There are 4 protein chains.
Amino acid sequence: MVIVMEPGSSIEQVENIKNKLQKAGFQIHIIPYGTSRITIGVIGEVARQQLEDMAIKAMPGVEKIFYIFKPYKLASREFKSEDTIIQVGDAVIGGKQIQVIAGPCAVESEGQALETALAVKKAGATLFRGGAFKPRTSPYSFQGLGEKALQILAMVRKETGLSVVTEVMDTDTLPLVAEYADILQVGARNMQNYQLLKKLGEYRKPVLLKRGSSASVEEWLLAAEYILAGGNYQVILCERGIRTFANSTRYTLDLSVVPLVKSLTHLPVLVDPSHATGKWQLVPPMSRAAIAAGADGIIVEVHPNPEDALSDGAQSLTFENFNSMMHDIKSVAKAVGRE
Amino acid sequence: MVIVMEPGSSIEQVENIKNKLQKAGFQIHIIPYGTSRITIGVIGEVARQQLEDMAIKAMPGVEKIFYIFKPYKLASREFKSEDTIIQVGDAVIGGKQIQVIAGPCAVESEGQALETALAVKKAGATLFRGGAFKPRTSPYSFQGLGEKALQILAMVRKETGLSVVTEVMDTDTLPLVAEYADILQVGARNMQNYQLLKKLGEYRKPVLLKRGSSASVEEWLLAAEYILAGGNYQVILCERGIRTFANSTRYTLDLSVVPLVKSLTHLPVLVDPSHATGKWQLVPPMSRAAIAAGADGIIVEVHPNPEDALSDGAQSLTFENFNSMMHDIKSVAKAVGRE
Amino acid sequence: MVIVMEPGSSIEQVENIKNKLQKAGFQIHIIPYGTSRITIGVIGEVARQQLEDMAIKAMPGVEKIFYIFKPYKLASREFKSEDTIIQVGDAVIGGKQIQVIAGPCAVESEGQALETALAVKKAGATLFRGGAFKPRTSPYSFQGLGEKALQILAMVRKETGLSVVTEVMDTDTLPLVAEYADILQVGARNMQNYQLLKKLGEYRKPVLLKRGSSASVEEWLLAAEYILAGGNYQVILCERGIRTFANSTRYTLDLSVVPLVKSLTHLPVLVDPSHATGKWQLVPPMSRAAIAAGADGIIVEVHPNPEDALSDGAQSLTFENFNSMMHDIKSVAKAVGRE
Amino acid sequence: MVIVMEPGSSIEQVENIKNKLQKAGFQIHIIPYGTSRITIGVIGEVARQQLEDMAIKAMPGVEKIFYIFKPYKLASREFKSEDTIIQVGDAVIGGKQIQVIAGPCAVESEGQALETALAVKKAGATLFRGGAFKPRTSPYSFQGLGEKALQILAMVRKETGLSVVTEVMDTDTLPLVAEYADILQVGARNMQNYQLLKKLGEYRKPVLLKRGSSASVEEWLLAAEYILAGGNYQVILCERGIRTFANSTRYTLDLSVVPLVKSLTHLPVLVDPSHATGKWQLVPPMSRAAIAAGADGIIVEVHPNPEDALSDGAQSLTFENFNSMMHDIKSVAKAVGRE
């Protein structure tokens, strides 16, 4: 259930309602609604009768009450009609401006990271990505540089001013990763790692939540709901390809979910064409397509020497290709009324 | 095997080679290569030794000989590096200009067809689509108006000047449909109907070949090869969604195949976002995305009153929505250097 | 709508009802129901009011009338509750006895066919399969021996007494194939070739209808309905694997549909583990599993020398392996109360 | 690399080799091979030259050395050719006897658990399953009784003598769950939760590893490898359905992987037809099919009153249905030479 407060309602009024509902056993979320109002999300099995008995509707400051019938509540457009906008350093995700997150699959060395960061920044990227802890299918594959990579990311941020995005794989390393990262990325394989999602709900840092490779839209939004329900409202969704019979690309980029999901939720939606296609040649056209479909940004892999990359070389762009792609993206963004 | 003739080689030289190879049992395809050359496609198991014995390389006019290792030959970029351009009435498919094919799922009446055709033409569509024979999952569903619909299409063409595209379902009705249609559409369910593909190879009319909903890229190009091998080189490919677990759209629009397929083949590639998504709200963003990904055009369903449509109402655009979509598409086309 | 006649109702009574309904524009199917009754299937949009106005319920011989809400009518268990049993030569498909159809993917020569037929008969197979016209993904692949193969099949039948099953690819060759075959097989790629299905509805020969590799259960039963609606009630369903992301087998054998489909329809259901798995090693265990799941039989590929087969060698059993498999199948059949 | 020791080689010989290789930086696994031999698994990038330099082949007790080219090493049949047999209480998993694990989706109360355990034991089940911590798609769904449920499981084991299987969802609750459970179940959503897999590698309790709903066979075996590489060699695999377009069952039970996986690995393989099909009517036939395909057992959901179950009621068997299913399974097991 959602309680929308009148414009100009007081903090005290909100607190009164909150206290009354908490005493009755409900879980309460207080979220700004536009610039001048407050919304109170009430989670729990709310019987209409019970609400009437509690006379919430009549409490001072309450404008209206409504119910959400979708299984995800806080993530739904019904709960919050205007777009969620997330500020990370200088970048504003979910607003009019398209954001481009770029960097290597894995941080391999100070030199590789800084060189890449400077190159992508110059080309117009607004955030830097780089893996420190890498989830790998085989226990014997390169698993990332770990804390050393996080330190390199911090150095890159200091040198370039770019905010950094890196994956958090598990609850053990979450506190460490959260110390360094500006955005905490949850990989596709962890989309339904509920322990991790719940812990992320306790943080107040943006989370980039990738869609699981066999997740339905509803499951994806419910995964976001796990984080939101914990009180962390800064969730960014990211489509990165689904598993299908089609084997000419690594995964099948399900771009139709971009406009679909944006109609269902207020959260920003990004697209990762590098992992989805697995082929660097397809990254520029699918980045253009993502923007044209309405994505709030893209996250792509860039490497100084893709053929020498310790992971995902085949899907990484060179600096030159990234440059040229950025040029094209700007035109498409403008054509669809974005920046 | 492909024999590329020197610029300015004579018809006689080409005929000599053709005759020699046909006598040896090969199947020959003579296809223009750019504006000033001729390519001779030689189909059959060609042993290098045999070719050397025949001394084709030394025949007058021969510039070079090469082999194609892909299973599809005539459809491959290796066989023909420049884009195939197909002229249909005033529309040029596969060139710089984006083509928009629009119209109702099924032709329902003269009035419905003409009204729609005039509206989509005004908004900028260059071809008209309308189903006469409809492949339906159930034997008890509306199967189209048949020949009556074809006559209506002819009337629409006469009144509007738009070329018409309609589906041919089987070899029985092929001669009839071919009398009326400017482009013969093969539906997804018929992509591997080899009898139909072979018969279409005997026609000299453009064929719009939709991808089967569970077809790999290779299978799709081999289906095109069936038509090309018959001597009909005017094949237009069309991605219309694949079957996956994802059920929030009717099919999953596999947009990454657009740039991928265009790198593998010289044939034009269109996208059908109406059938792929099954939701009219997603048609405009996915049309924009298709153009941004490099498609040569789109085919979309438009109906005067979608809610009254005899089939596919949920995925049909109103005139107003189509108009607004055309406006956006023009901007995106321009942004990616198309018209 | 279905009209069940009383036991002992007369032909005249049935004809009266039939005539009345046909005059009113309905399509009528008269089908035996058990040993002593007649069922009249009425296809068309039947308004209850209309029926009442026609007073069908009060006509002599009518026991009861009911409606079928599934999209497939004649194929549904509601229409006909007891199993359809199809007699082909000595083999009874859909009864208590498990049927095993075995033979090579393609008929390659008289010797190969006869040798295989004698071997599989000796091991207990009750029908012989062999491809004459082969649907091939590439126009350049071996397409079968055609009529020559049909003549070989006729010879095999004469020599061994085994009924023969062979694929019919299209309407052009249907009359020819129907002259020779005891069961007309429709391949997965043709499951929605409506022209072919309709023509098959006019024949009075059993049709083995394979499930399309991306067909839902409903689509499969509606494809059967196309044949039944034409008046050919001898349809045998065959699960042969669906297209999924899983690539360690050629297709994914969807064995759960066997008990599911048998609860929805009265038609017999076979399983083809050879095409589904693409690996001969998996054919015996999956044949056992098919029988245990309730299939009415299996269709498998057997070849004297799989490694020399012109097609599908990797999934063909040797005589020895087939022998050993038949031994195991008999035990499993007995364990689930079959023969 | 794998070093097979001679029969009768001494502990000292094994230790010598182990020490030498560990000093060189390799990770060592010592695993019995049959009843009288020892195998030493050497993980790390082993150059043949290096091995020759170390002269391992010449060390006392070494019979032979070989390399494994599959990405999974310890899980492969090449590493260990004979079946892994896991003893849990009285039940032997992976041997000649088929094991049936039965119980409710979630432990709901002492009464419900004990009543079910007594009923399934009487019918022949050898292990009891029951969820304490439930991974749920929605944060607002019933998440299991937690520790209370674990205590109930302990009580059930005491009262019935049945060993208990329950899911461990995360590393936080792993120590607690491991105190109570005889087999630790990893759910499909956690198949690539590497933190959890690594921690499970440190335990010496059997792990039941379900296949992820979009996992390839190789990914599944590599997930097992994570556990084995930690030194926990008691891994039981469980197929529970994959995500495909087919929507007439909850998932698609991929039964062909049973014989396939058993040829690739020495680990036991179970099948879960309850979650795969989502329909209790399909559980008995698919259980029979699983056994016929070569599974080492099944895990099924049984509930005293499925319609009142707090989760998964539609796929739970009543006691009566379970009884009848057990009867059929026994016949099939016997037919395929199992008990």
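Every chain is numbered from 1, with letters handed out A, B, ... down the list of sequences. Note that the structure is a prediction, hence the values are computed from the model and not measured.
Side-chain contact between Thr252(C) and Ile242(D) is present, with heavy atoms from C-beta onward closer than 4.5 Å.
For Glu307(C), the CD atom sits in a packed shell: over 12 heavy atoms of surrounding residues, nucleotides or ligands are nearer than 6.0 Å.
Within residues 215-229 of chain D, the residues having any heavy atom under 4.5 Å from a heavy atom of chain C are, by residue number, Ala215(D), Ser216(D), Val217(D). Residues of residues 284-299 of chain C that come closer than 4.5 Å to chain D, counting heavy atoms only, are Pro285(C), Met286(C), Arg288(C), Ala289(C), Ala292(C), Ala293(C), ordered by residue number. Annotation: residues 322-339 of chain D contacts chain C through Ser331(D), Val332(D), Ala335(D), Val336(D) [non-hydrogen atoms, separation under 4.5 Å].
Of the two parts of Ser248(C), the backbone and the side chain both hold a non-hydrogen atom closer than 4.5 Å to a non-hydrogen atom of chain D. For Thr249(D), the part lying near chain C is the side chain, with the backbone staying farther off; criterion is any non-hydrogen pair under 4.5 Å. When heavy atoms are compared at a cutoff of 4.5 Å, Ser214(C) approaches chain D by way of both its backbone and its side chain.
Ranked by non-hydrogen atom pairs under 4.5 Å with chain C, the options Thr277(D), Leu282(D), Asn247(D), Val258(D) are led by Leu282(D). Options Ser263(D), Ser256(D), Ala246(D), Pro259(D) differ in how many heavy-atom pairs under 4.5 Å they form with chain C, and the most are formed by Ser256(D).
Residues satisfying the side chain to side chain donor-acceptor pair (under 3.5 Å) criterion with His275(D), sequence neighbours excluded, are Asp272(D), Glu301(D), Asp312(D).
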